[in-house]
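Each remark here refers to the structure printed beneath this line.
Per chain, numbering begins at 1; letters A, B, ... match sequence-line order. Note that the structure is a prediction, hence the values are computed from the model and not measured.
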Amino acid sequence: MKVRTRIAPSPTGDPHVGTAYVGLVNYCFAKHHGGEFLLRIEDTDQVRSTPQSEQAILDALHWLGLRWDEGPDVGGPHGPYRQSERSAIYRKHVDELLAAGHAFKCFCTALRLDEMRVAQRAAGKPPRYDGLCLSYGAAETARREASGEPYVVRLKVPENGVCTFDDLRRGTIEIEWQGVDMQVLMKSDGLPTYHLANVVDDHLMEITHVIRGEEWVSSAPKHLLLYSYFGWQPPSIMHLPLLRNPDKSKLSKRKNPTGMLFYKSMGYLPEALANFLGLLANSAHDGQDEILSLEQMVERFALDHVPLGGPVFDVQKLDWLNGRYVRERLDPAAFVARVRDWAFTPERVERIAQLAQPRIERLSDLGLLLAFLFAGRLPLEAADLRGGKLDDAAMRQAFQLALFELDAMPDWSIAGIERALKRVAEALGRKFRDVARPFYVAITGSPTSIPLYDAMDLLGRDMVRERLRGALEVLGVPSAKEQAEWKKLLDAVPQGESA
RNA sequence: GGCGCUAUCGUCUAUCGGUUAGGACAGCCGCCUUUCACGUGGCAAAGACGGGUUCGAUUCCCGUUAGCGCUACCA
């Protein structure tokens, strides 16, 4: 049987290096066995999914060098490859489960469910749907449905016994059915949840090996249960460890740059990033050179060498690898081409020139005026940030609130940036012009520069986040408590275009 | 709180019962060099803890501890 793997990102944010890591492993495994690798978009969360995010993820994975045999952009015999376009398929399968008595309609309100869980937790029991709606007879269920009560469809789960399954790397894992919740399979909006859509699609797309992040281990029983309810042969499964911050917590953008676009704008070469990620999945042995092309990684890939402990994303090692690629793998012409593509594309140069021209007297002013556009973190000191109307405490708040707002923006745009920063000023009860200065310094390194919103737009969200975090490190990173309190300031500002 | 996963130098890892526990990044000391970088030679650095099993455990089993994950009509 031909090996078929997939990566199934959810388009709810910027492309994440964790997605690249999982994608790379799936790619290497499939190709190592002469199989196929596909890409599926899991956009069943209508509220958070955006087409822009989907495009960004596809672009970023392409940039990294991954190619898929089937996917929303390249098509294939098992499409559509976007879950939002497969509603009818899920509906049919849900009906099948309902008809067979493997699932049931649940009319419980969020409030009741909350209270139930609080009580269960207090009693030291695993949170699990208590089965109230399961006790209704067919007549009662039909009556509620007819009266227009919204409902979800839940999975029926065995009352006792244990679910035993094999993880390709971890071996046998046992989880008691009592600890497995009666998962919602179809939301009241009629769309499936991840669990249902994922299982149905993996089966229909003939996925033979599901290789995914460790966060899915505890929901594996639900998935396996679905396979058995449908009478399908489940795929082999394996869970990859989660990438970590240096403090060992799950890699998060609060503590570290996690966006692929950040690494791109920092000037890391895609082959170096892929190489680095590949090393975290399959390390080189003893004396072997750690510089490995994608082809080499495919060739030497071995599942049983994938680590189980969450590897720390060590930027220093990435730096070293990238340095070697820059020095050893690019001839002068290729180097020039890379630099051009990195930050000197004609469109970008044009745009920057238009912003810079009115602000200089000599062409030689250009270097210092624009240096920040071609740099990573700026060498800031507290004194650089001071000098405006805000004291340190206010600047820390301003930067932190900006981080909140900028992260919450659906799309990165000048208009959005402006709205976000004005909101921050309002939340702090300051005039925007007083707040502007520290932002100029944090972002551009100087209180006078090209327009702030353009600068931020040009830099990109990930780099802006990095600069703001850099400024916060200089002034003192807010504690979790401070962050939570400050966030309330933002909540107090009404949404909308006003400001 | 409940359930699960994990545990070798600071970091990424090798070891598949017997090794002076190996390599790489970072660090430190040299060499090379008009600076820096690169390159190169070397140094330092690890089996979480406690029980078993065994002639012998880093390796197998159990417990403890710690870290992480899950605990949603998000994925």
Side-chain angles (χ1 to χ4, degrees), chain A residues 8-13 16 18-19 41-49 83 106-110 113-114 117-129 150-154 162-163 165 167 169-171 173-181 183-198 212-222 239-251 276-291 304-324 326-328:
Chain A
S10 194
T12 53
H16 194 279
T19 305
I41 293 295
E42 308 227 335
D43 55 351
T44 54
D45 182 346
Q46 291 286 282
V47 181
R48 297 194 304 151
S49 299
Q83 292 185 331
C106 171
F107 302 89
C108 292
T109 62
L113 294 172
D114 274 349
R117 288 185 189 115
V118 168
Q120 287 169 332
R121 191 186 176 111
K125 291 193 287 197
R128 189 182 203 247
Y129 181 65
Y151 66 90
V152 299
V153 175
R154 286 180 185 276
V162 295
C163 173
F165 64 96
D167 179 291
R169 258 307 261 137
R170 293 164 204 261
I173 294 176
E174 293 186 353
I175 294 174
E176 298 211 18
W177 283 119
Q178 288 190 353
V180 178
D181 202 0
Q183 188 63 48
V184 169
L185 299 176
M186 197 181 78
K187 298 175 269 188
S188 53
D189 63 4
L191 289 175
T193 57
Y194 166 86
H195 305 279
L196 193 262
N198 187 267
R212 48 158 43 159
E214 193 179 4
E215 72 266 38
W216 298 109
V217 173
S218 41
S219 40
K222 295 167 193 167
H239 296 92
L240 259 22
L242 263 15
L243 265 21
R244 308 281 181 89
N245 296 308
D247 68 0
K248 299 282 191 178
S249 57
K250 172 177 162 179
L251 191 65
F276 173 68
L277 257 12
L279 249 20
L280 293 184
N282 255 199
S283 69
H285 287 199
D286 283 12
Q288 293 178 358
D289 193 356
E290 292 188 297
I291 294 275
D304 40 299
H305 279 285
V306 173
L308 262 23
V312 168
F313 191 94
D314 180 12
V315 186
Q316 287 187 315
K317 182 108 182 197
L318 208 208
D319 286 342
W320 170 77
L321 264 175
N322 202 64
R324 286 198 56 188
V326 169
R327 279 179 251 118
E328 301 172 17

Nucleotide forming a Watson-Crick or wobble pair with [N], both distances under 3.5 Å:
N	value
C9(B)	none
U15(B)	none
C28(B)	G42(B)
G69(B)	C3(B)
A57(B)	none
U20(B)	none
G50(B)	C62(B)

query = If you measure from the Lys or Arg side-chain nitrogens to the Asp or Glu carboxylate oxygens, is any gap between Lys250(A) and Glu214(A) under 4.0 Å?
reply =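 Here Lys250(A) does not pair with Glu214(A) in a salt bridge, since their nearest N and O are not under 4.0 Å apart.
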Backbone of [Y] reached by a side-chain donor or acceptor of [X] within 3.5 Å:
X	Y	value
Thr12(A)	Arg48(A)	no
Arg169(A)	Pro307(A)	no
Asp167(A)	Ile173(A)	no
Asn245(A)	Asp247(A)	no
Asp181(A)	Gln183(A)	no

query = Who pairs with Tyr151(A) by side chain to side chain donor-acceptor pair (under 3.5 Å), at least two apart in sequence or on another chain?
reply =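 Checked Tyr151(A) against side chain to side chain donor-acceptor pair (under 3.5 Å); matches are Glu145(A).
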All N/O contacts under 3.5 Å from nucleotides 31-34 of chain B to the protein, with atom names and distances to one decimal?
none

Rounded to whole Å, please give me the gap between [atom1] in [X] and [atom2] in [N].
X	N	atom1	atom2	answer
Lys317(A)	C12(B)	NZ	P	10 Å
Phe165(A)	C3(B)	CZ	P	16 Å
Ile173(A)	G4(B)	CD1	P	11 Å
Gln120(A)	G2(B)	CD	P	14 Å
Leu321(A)	U11(B)	CG	P	19 Å
Asp319(A)	C12(B)	CG	P	16 Å
Asn245(A)	C12(B)	CG	C1'	16 Å
Ile175(A)	G2(B)	CD1	C1'	12 Å

Value rounded to 0.5 Å, distance of [atom1] in [X] from [atom2] in [Y]:
X	Y	atom1	atom2	answer
Ser10(A)	His16(A)	OG	NE2	13.0 Å
Leu251(A)	Leu243(A)	CG	CG	5.5 Å
Glu42(A)	Gln83(A)	CD	CD	4.0 Å

Between [N] and [M], how far is it from one [atom1] atom to the other, in whole Å?
N	M	atom1	answer
C74(B)	C28(B)	C1'	48 Å
U59(B)	C9(B)	P	14 Å
G50(B)	U11(B)	C1'	28 Å
G51(B)	G69(B)	P	32 Å
G63(B)	A45(B)	C1'	30 Å
U15(B)	U8(B)	C1'	10 Å
G30(B)	A37(B)	P	14 Å
G10(B)	U53(B)	P	32 Å

Contacts under 3.5 Å, N or O only, protein and nucleotides 35-43 of chain B:
residue: C38(B); atom: O3'; partner: Arg327(A); partner atom: NH1; Å: 3.3

Just to be sure I understand the rule, does [X] reach a base, reach only the sugar-phosphate, or reach nothing, if contact means heavy atoms closer than 4.0 Å?
X	value
His305(A)	sugar-phosphate
Pro241(A)	nothing
Gln178(A)	nothing

message = Any non-hydrogen side-chain atom of Lys248(A) less than 4.5 Å from a side-chain atom of Val312(A)?
response =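 Yes, their side chains come closer than 4.5 Å.
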request  = For residues Lys222(A) and Thr193(A), determine if any side-chain heavy atom of one lies less than 4.5 Å from a side-chain heavy atom of the other.
outcome  = no
Anything under 3.5 Å between a protein N or O and an N or O of nucleotides 7-9 of chain B, put it in a table, one pair a line.
none

Ignoring hydrogens and angles, write down the donor-acceptor pairs under 3.5 Å from the side chains of residues 316-324 of chain A, residues two or more places apart or on other chains.
residue: Lys317(A); atom: NZ; partner: Glu290(A); partner atom: OE1; Å: 3.0
residue: Lys317(A); atom: NZ; partner: Glu290(A); partner atom: OE2; Å: 3.2
residue: Asp319(A); atom: OD1; partner: Tyr268(A); partner atom: OH; Å: 2.4
residue: Asn322(A); atom: OD1; partner: Leu269(A); partner atom: N; Å: 2.7
residue: Asn322(A); atom: ND2; partner: Gly267(A); partner atom: O; Å: 3.4
residue: Arg324(A); atom: NE; partner: Glu328(A); partner atom: OE1; Å: 3.4
residue: Arg324(A); atom: NE; partner: Glu328(A); partner atom: OE2; Å: 2.9
residue: Arg324(A); atom: NH1; partner: Asp289(A); partner atom: OD1; Å: 3.0
residue: Arg324(A); atom: NH2; partner: Asp289(A); partner atom: OD2; Å: 3.3
residue: Arg324(A); atom: NH2; partner: Glu328(A); partner atom: OE1; Å: 3.1

For the residue pair [X] and [Y], what are the closest heavy atoms and their distance?
X	Y	answer
Trp177(A)	Pro221(A)	CH2-O, 3.6 Å
Arg154(A)	Leu113(A)	NH2-CD1, 3.4 Å
Gly310(A)	Arg244(A)	O-CG, 3.4 Å

message = I need a per-nucleotide contact map over nucleotides 64-75 of chain B, read 5' to 3'. Cutoff is protein heavy atoms under 4.0 Å; write B for the base, S for backbone only, - otherwise.
response = ---SSSSSSBBB
Given RNA chain B, 5'-ward residue of the pair Gly179(A) and Gly310(A), judged by closest heavy atom = Gly179(A)
